[in-house]
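Scroll down for the structure; my scribbles are underneath it.
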Amino acid sequence: MTGIVPQLLDWFDRGQRDLPWRRPGVTPWQILVSEFMLQQTPVARVEPAWLAWVQRWPTPSATAAASAADVLRAWGKLGYPRRAKRLHECATVIAAEYDDVVPSDVETLLTLPGVGAYTARAVACFAYRRRVPVVDTNVRRVVARVVHGRAEAAASSSPRDLADVETLLPDDELAPKFSVALMELGATVCTARAPRCGLCPLDMCAWRSHGFPSSTARTRRTQRYAGTDRQVRGRLLDVLRGNDSPVTRAQLDVAWLSDTAQRDRALDSLLVDGLIEQTADGRFALAGEGDQAVAADSCVPPLESSAPQANLRR
DNA sequence: AAATCGTGGCG
DNA sequence: TCGCCAAGATT
């Protein structure tokens, strides 16, 4: 057997992971939910959250009917809670404007909240069997190695990435399976850290034939997570997720004692993002927690300045 | 267009 | 230990 397509498809048939969103009967909406959750979050952590989520809210309208607070709690600690809010908004738009049916074309999908280049194509391909290139971080890395002989993907360029994959993409019926298989290869064999080339099903790889040249990209050191605004936001949100009713400012303050200015900034940004809200008596809750809650800026008109402010009440 | 946005596991 | 990485989107 020769050629990347048959080798990849045969390998996929032999040993693909049994992921719940790949099983028969899973709806386009449920696939969309999985794609939201998988944005920057590992499969292992998504799996239990997805199973509980689709059982509780199987359709866009069911999701839209839930409160933002319930959605944020169900999201739990998957990270990047703005995704949960956008998923909720996405459900609302699909229920109201698309008769509870997830759009099937990339163009329309791209207009939905939280749906970008990857997710739009993933849904069109995996849920509707459209022959469109699906480019995620795995695909970019595999193509960089197998086709271009480089250790890492070049800086992201959508047109070039899409053209690269379009060249490899087989005919209509095979395209979706080819795309999952390409992602699967990147996720389990052609990995970023310690690639398991001994398990690779491909007999032609430019990276291997060039002697596995190492990356030439100079590394820009990444920001430490500890002590960042993101960590503070996470702590604050964790307090609110754990309380069914609004909490006092003092209850939030104990979540971050070292830098009060940073704590205020994080709290304000959560209000700006619409993830939390302040009640009329000055307490705090997850967005949409209850009727006693009021919008963050309902008492003061929005500022005209370019920097968004939530008009935090003391 | 580079920075921002959580969380946890692995090498 | 600690930096890197994980099915990205948004501004």
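Chain letters run A, B, ... following the sequence lines, proteins first, then strands; residues in each count from 1. Values reported hereafter were calculated over all heavy atoms of this structure, with side chains retained and with hydrogens, waters and symmetry mates removed.
- If you measure from atom CG of Leu110(A) to atom C1' of dG8(C), you get 13 Å, rounded to the nearest angstrom.
- Look at CZ on Arg196(A): it is 13 Å from P on dC10(B), rounded to the nearest Å.
- Spacing between dA3(B) and dC4(C) at atom P, rounded to whole Å, works out to 15 Å.
- One finds a side-chain N or O of Gln40(A) lying less than 4.0 angstrom from the OP1 or OP2 phosphate oxygen of dG8(C).
- We find that CG of Leu38(A) is positioned 15 Å from C1' of dC5(C), with the value rounded to whole Å.
- Residue Tyr225(A) has a polar side-chain atom (N or O) positioned under 4.0 Å from OP1 or OP2 of dT7(B).
- If you check every strand for non-hydrogen atoms under 4.0 Å, Leu275(A) touches nothing.
- Regarding Arg233(A), its CZ atom lies at a distance of 10 Å from the P atom of dT7(B), rounded to whole Å.
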Open item on the list: Go through it in stages, so that I can follow the logic: the residues are Leu112(A) and Tyr98(A), the test is side-chain contact (heavy atoms from CB on, under 4.5 Å), and I'd like the CA-CA distance, side-chain angles, deciding distance and then a yes or no.
Closed with: CA-CA 11 Å; Leu112(A) 299 171; Tyr98(A) 296 96; 4.3 Å; yes
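- Among the protein residues, Ala192(A) comes within range of the sugar-phosphate backbone only, with heavy atoms under 4.0 Å from sugar or phosphate atoms but none that close to a base.
- Within the 4.0 angstrom heavy-atom criterion, base atoms lie near Arg22(A).
- Note on Arg86(A): every side-chain N or O is 4.0 Å or more away from OP1 and OP2 of dC5(B).
- Between Thr119(A) and dA9(C) there is a side-chain polar atom (N or O) within less than 4.0 angstrom of OP1 or OP2.
- Comparing the P positions of dT11(C) and dG6(B) gives an interatomic distance of 14 Å, to the nearest angstrom.
- For the atom pair Cys90(A) SG and Arg83(A) CZ, the distance stands at 14.0 Å (nearest 0.5 Å).
- Residue Gln39(A) contributes atom CD, which lies 20 Å from atom P of dT4(B) at whole-angstrom precision.
- The side chain to side chain contact (heavy atoms under 4.5 Å, CB included) check on Val180(A) picks up Phe12(A), Arg22(A), Phe126(A), with sequence neighbours excluded.
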Donor-acceptor list for residues 187-197 of chain A side chains, cut-off 3.5 Å, not counting sequence neighbours:
residue   : atom : partner   : partner atom : Å
Thr188(A) : OG1  : Glu184(A) : O            : 2.9
Thr191(A) : OG1  : Ala194(A) : O            : 3.2
Arg196(A) : NH1  : Thr188(A) : O            : 3.3

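- The interatomic distance linking Met37(A) (CE) with dT7(B) (C1') rounds to 15 Å, in whole Å.
- OP1 or OP2 of dA6(C) has not a single side-chain nitrogen or oxygen of Arg45(A) nearer than 4.0 Å.
- Between the side chain of Thr137(A) and the base of dG8(C), no donor-acceptor pair under 3.5 Å is found.
- Counting non-hydrogen atoms of other residues, nucleotides and ligands closer than 6.0 Å to CG of Asp171(A) gives a total of 12 or fewer.
- Counting non-hydrogen atoms under 4.0 angstrom, Leu78(A) reaches a base of the nucleic acid.
- Residue contacts for Ala44(A): at a heavy-atom cut-off of 4.0 Å it reaches no nucleic acid atom on any strand shown.
- Taking the P atom of each, dT4(B) and dA7(C) are spaced 23 Å apart, rounded to whole Å.
- Closest contact between the side chain of Arg224(A) and the listed nucleotides dG3(C), dG8(C), dA7(C) involves dG3(C).
- Exactly one of Arg230(A), Gln39(A), Lys85(A) qualifies for a side-chain hydrogen bond (donor to acceptor under 3.5 Å, both in side chains) with Tyr80(A). That residue is Arg230(A).
- Within the 3.5 Å criterion, the main-chain N or O of His88(A) finds a donor-acceptor partner in the side chain of Thr92(A).
- The residue Gly79(A) sits close to a base: some heavy atom pair falls under 4.0 Å.
- Contact annotation for Trp21(A): base contact, defined as any heavy-atom pair under 4.0 Å involving a base atom.
- Backbone-only contact: Val115(A) has heavy atoms under 4.0 Å from sugar-phosphate atoms and none from a base.
- We find that CZ of Arg83(A) is positioned 10 Å from P of dG6(B), with the value rounded to whole Å.
- DNA chain C is contacted by both Ser34(A) and Pro113(A); Ser34(A) maps to the nucleotide lying nearer its 5′ end (nearest heavy atom per residue).
- Atoms CZ (Arg235(A)) and C1' (dT7(B)) sit 12 Å apart, rounded to a whole Å.
- Side-chain atoms of Arg193(A) and base atoms of dC5(C) include no donor and acceptor less than 3.5 Å apart.
- Here the side chain of Lys77(A) is nearest to one of dA9(C), dT7(B), dC5(B), namely dT7(B).
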